[in-house]
Amino acid sequence: MGDKEGDVKTGEVKRIDLDDVLVNELGQFGPFQLRYMILVAIPLIMSAFMSEYIFSAAAIPHRCRVPECGEDTKLVPFEPNWLLNAMPDRGTASSTCNRYQPVDNPAVNGTLETCPASLFDQSVTVSCDTFVYARDNSVVYDFDLGCQEFMRVLAGTLNSVGTLLVLPITGYVSDKFGRRIALIISVFNLALIGLIRAFSVNYNMYLALQILQTTLGAGTFSSAYVFAAELVGPKWRVVASATATSMFATGQVILGGVAWLIQPWRYMIMALHIPCFLIISYYWILSESIRWLLSKQKFEEARKVLENIARVNKKQISEKSMEGLLTPPPVTDESVKENKDGLIKTILRSKILLRRVCTTPIWWITTTFVYYGLSINSTSLSDTIYLNYILTVAIEIPGFYTAVFILDRLGRRPTLSAGFFFSAACNIAFVFIPQDLNVVRLVIYLAGKFGISLVFTSLYLFTSELYPTEFRHTLLAFSSMVGRIGSITAPLTPVLMDYWHGIPSMMFGGMAILSGILILTQPETVGTKMPDTLAEAEAIGRKGKER
């Protein structure tokens, strides 16, 4: 803070910063913050439940139904011994969706036990009219989506599109009406629309509710994350960030376990979403973010929260510090202009802020592209989709907590840049490892996922620290929103393997290298206080050499 601003007084009271009070008086991470983190961990876990489409819309083996052989339902023996009499070997590319043409006026009738080749003209194949499925625990079975792979994966695409649409909405609600309101509304929408989706009567209804759920409820994670990041002191921000992302990964593990235990997809969705309604109670048991209250000059509410923090942490906050926190910022021509201009004009007037707004979304696109791309291309990790999913998301937790040990020691920029470069190296190396070296391929894959998981944790923290309190959630949400371009395009990467098996991995590596370089264009934030004003945000990293 410059000398001029430091000398500004309102009456005889000098304004002070919340971080200073947390460090010197209230405690950076005491019982109050611990209670807060436990409460916030629950919606963070629940935010992972929107990924249940991975199981409710999972691909299931299917083939043509053969009515000539007595198959009159979707669930009959999937691989009878006469199957090759009626259709090509299912190991070929198009055999799943084709069968042999039946002959007219056959001499014999087929049954589920016996179906002779004489019933079919094996020189002619035709497309399937109806299908038989190996399992019934997916919308693919209920809504008869056999050989409509594009329609099936549309659920995942719409999930990502909805996540993109929600972030500016949640950011606006959070910055305008409070973090608590944004969190409760998001979780309530997630629960209500998710529960209704369990009763979908057709696939169009399922898809419509999928995008509606994410558009109105996917702000749960960002709302809860900002809650966690804004209350702890500077030394605990990394732990808070890693804990938030680890809770999301824990939610994914729980999701995999619930899907494994409750395989009918409708019951699985209900089991996941009904408990989410408990978050309505947070309106009474969760205090509003103190930083938000101070930034909005809601000083009476802020005083009560500060007194509560001091009481629970068994600390004392001096009246001088209390008055310093509850003193409105000095009214200057610059601040009046800032408030009048609003977010867009403020960004355009500030070259430093504009550069950050143009750069941070690229990091986010890369991170979601590589993160989700690696998950989508990891189906060979195990024989069951449930265990495969649990292993894939569980490997993220060590990556998240590695950030705790190195972010404050090495700094934000070196950690993020190294994480991107490490993941890039693993992805590029993966392309050239022979297919028969399964163990080596698995280790390199997991290392790449570990690297991008480290980045994911660090990226939320670094982005939050670059922006002022007034616009923090909006600009964090904007970066994350644009970043969803990566998660939308990631499901398309397996198709590229038809042209060359290494295209997806090379794309992951190339994007990671680009972002690793761009990280180095921004200032280091380690050891700095979280900026409350535009001037403080612009001053990060200056210290006499950065303008």
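We use all heavy atoms of the structure for the numbers below, so side chains are in, but hydrogens, waters and symmetry mates are not. One is the number of the first residue; the rest follow in order along the sequence.
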**Asked** How about F277: does its CZ atom have over 12 heavy atoms from other parts shown lying under 6.0 Å from it?
**Response** yes
**Prompt:** Looking only at atom types and distance, does a side-chain atom of S423 sit under 3.5 Å from a main-chain N or O of G419, one as donor and one as acceptor?
**Reply:** no
**Message:** As an exercise, state the distance from CD1 of I397 to OG1 of T243, rounded to the nearest 0.5 Å.
**Reply:** 11.0 Å
**Message:** Could you work out, with side chain to side chain contact (heavy atoms under 4.5 Å, CB included) as the rule, every residue matching I444, not counting sequence neighbours?
**Reply:** C426, F430, I433, V440
**Prompt:** Within the side chain of T359, is there an N or O that forms a donor-acceptor pair under 3.5 Å with the backbone of R355?
**Reply:** yes
**Prompt:** Run the side-chain hydrogen bond (donor to acceptor under 3.5 Å, both in side chains) check on T463 and W364 step by step: do they pass?
**Reply:** CA-CA 10 Å; T463 306; W364 282 83; 3.2 Å; yes
**Message:** Looking at every heavy atom in both G509 and I428, which two are closest together, and how far apart are they?
**Reply:** CA-CG1, 4.1 Å
I'd like a table of donor-acceptor pairs (distance under 3.5 Å, sequence neighbours excluded) in which one partner is a side-chain atom from residues 39-48, with atom names and distances.
residue : atom : partner : partner atom : Å
S47     : OG   : L44     : O            : 2.5

**Prompt:** Given F188 and I280, is the side-chain contact (heavy atoms from CB on, under 4.5 Å) satisfied, shown in steps?
**Reply:** CA-CA 7 Å; F188 179 79; I280 296 173; 3.8 Å; yes
**Message:** Less than 4.5 Å apart, side chain to side chain, heavy atoms only: is that true for L207 and M151?
**Reply:** yes
**Close side-chain approach of M37 and W236, heavy atoms under 4.5 Å** = no
**Request:** Apply the test side-chain contact (heavy atoms from CB on, under 4.5 Å) to residues F462 and T415: give CA-CA distance (whole Å), side-chain angles for both, the deciding distance (0.1 Å), then the verdict.
**Result:** CA-CA 10 Å; F462 191 43; T415 300; over 6 Å; no
**Asked** Counting only N and O atoms by type, is there a donor-acceptor contact under 3.5 Å from the side chain of S515 to the main-chain atoms of A512?
**Response** no
**Minimum side-chain heavy-atom gap M268-F55 below 4.5 Å** = yes
**Request:** List the atom of F49, the atom of L272, and the distance in Å for their closest heavy-atom pair.
**Result:** CD1-O, 3.4 Å
**Asked** Given the rule in the side-chain contact (heavy atoms from CB on, under 4.5 Å) test, do F143 and N204 qualify, once you have shown the distances and angles that lead to the verdict?
**Response** CA-CA 10 Å; F143 304 136; N204 288 336; over 6 Å; no
**Minimum heavy-atom distance between A198 and R266, given as atom pair plus value** = O-NH1, 2.9 Å
**Message:** I'd like to know if the side chain of N427 and the backbone of F508 have a donor-acceptor N/O pair within less than 3.5 Å.
**Reply:** no
**Backbone N/O of G483 and side chain of S487: donor-acceptor pair under 3.5 Å** = no
**Request:** Nearest 0.5 Å please: distance from the CZ atom of F248 over to the CG atom of L255.
**Result:** 9.5 Å
**Asked** With a 4.5 Å limit on heavy-atom distance, are the side chains of D142 and W265 in contact?
**Response** yes
**Request:** Check whether any side-chain N or O of S417 sits under 3.5 Å from a backbone N or O of P414 as a donor-acceptor pair, and report yes or no.
**Result:** no
**Request:** Would you confirm whether R152, through its side chain, and V139, through its main-chain N or O, come within 3.5 Å as a donor-acceptor pair?
**Result:** no
**Request:** Examine distances only and state if a side-chain atom of R412 and a backbone atom of S458 form a donor-acceptor pair shorter than 3.5 Å.
**Result:** no
**Asked** Can you name the closest pair of heavy atoms from W500 and M506 and give their distance?
**Response** CZ3-CG, 3.9 Å
**Message:** Within a 6.0 Å radius of atom CZ on F421, are there more than 12 heavy atoms belonging to other residues, nucleotides or ligands?
**Reply:** yes
**Prompt:** N159 side chain to A155 main-chain N or O, any donor-acceptor pair under 3.5 Å?
**Reply:** no
**Asked** Any side-chain heavy atom of T402 sitting closer than 4.5 Å to one from F450?
**Response** yes
**Distance (rounded to the nearest 0.5 Å) between T368 OG1 and R484 CZ** = 6.5 Å
**Prompt:** Should the pair R179-E288 be classified as a salt bridge under the 4.0 Å nitrogen-to-oxygen rule?
**Reply:** no
**Message:** Using 0.5 Å steps for rounding, measure from the CH2 atom of W292 to the CZ atom of F177.
**Reply:** 9.0 Å
**Request:** Could you please spell out the steps behind the side-chain contact (heavy atoms from CB on, under 4.5 Å) verdict for I406 and L454?
**Result:** CA-CA 10 Å; I406 64 177; L454 187 153; 3.9 Å; yes
**Prompt:** Rounded to the nearest 0.5 Å, what separation is found between the OG1 atom of T170 and the CG atom of L165?
**Reply:** 10.5 Å
**Message:** Taking side chain to side chain contact (heavy atoms under 4.5 Å, CB included) as the criterion, tell me which of T366, I485, V482 meets it with P361.
**Reply:** V482
**Item:** Side-chain touch M270/F199, heavy atoms, less than 4.5 angstrom
**Value:** yes
**Message:** Whether the side chain of R180 engages the backbone of L286 through a donor-acceptor N/O pair (distance < 3.5 Å, no angle test) should be reported.
**Reply:** yes
**Asked** What about the rings of Y386 and Y389, do their centers lie closer together than 6.0 Å?
**Response** no
**Prompt:** Taking the inter-plane angle between the rings of Y206 and Y203 on a 0 to 90° scale, is it parallel (under 30°), tilted (30 to 60°) or perpendicular (over 60°)?
**Reply:** parallel
**Request:** Please report the closest heavy-atom contact between G219 and S222, naming both atoms and the distance.
**Result:** O-OG, 3.2 Å
**Asked** At their closest point, which heavy atom of L459 faces which heavy atom of L416, and how far apart are they?
**Response** N-CD2, 3.8 Å
**Prompt:** Could you state the interatomic distance from CG (L374) to OG (S453), rounded to the nearest 0.5 Å?
**Reply:** 8.5 Å
**Request:** Report yes if the side chains of L216 and V166 come closer than 4.5 Å at any heavy-atom pair, otherwise no.
**Result:** no
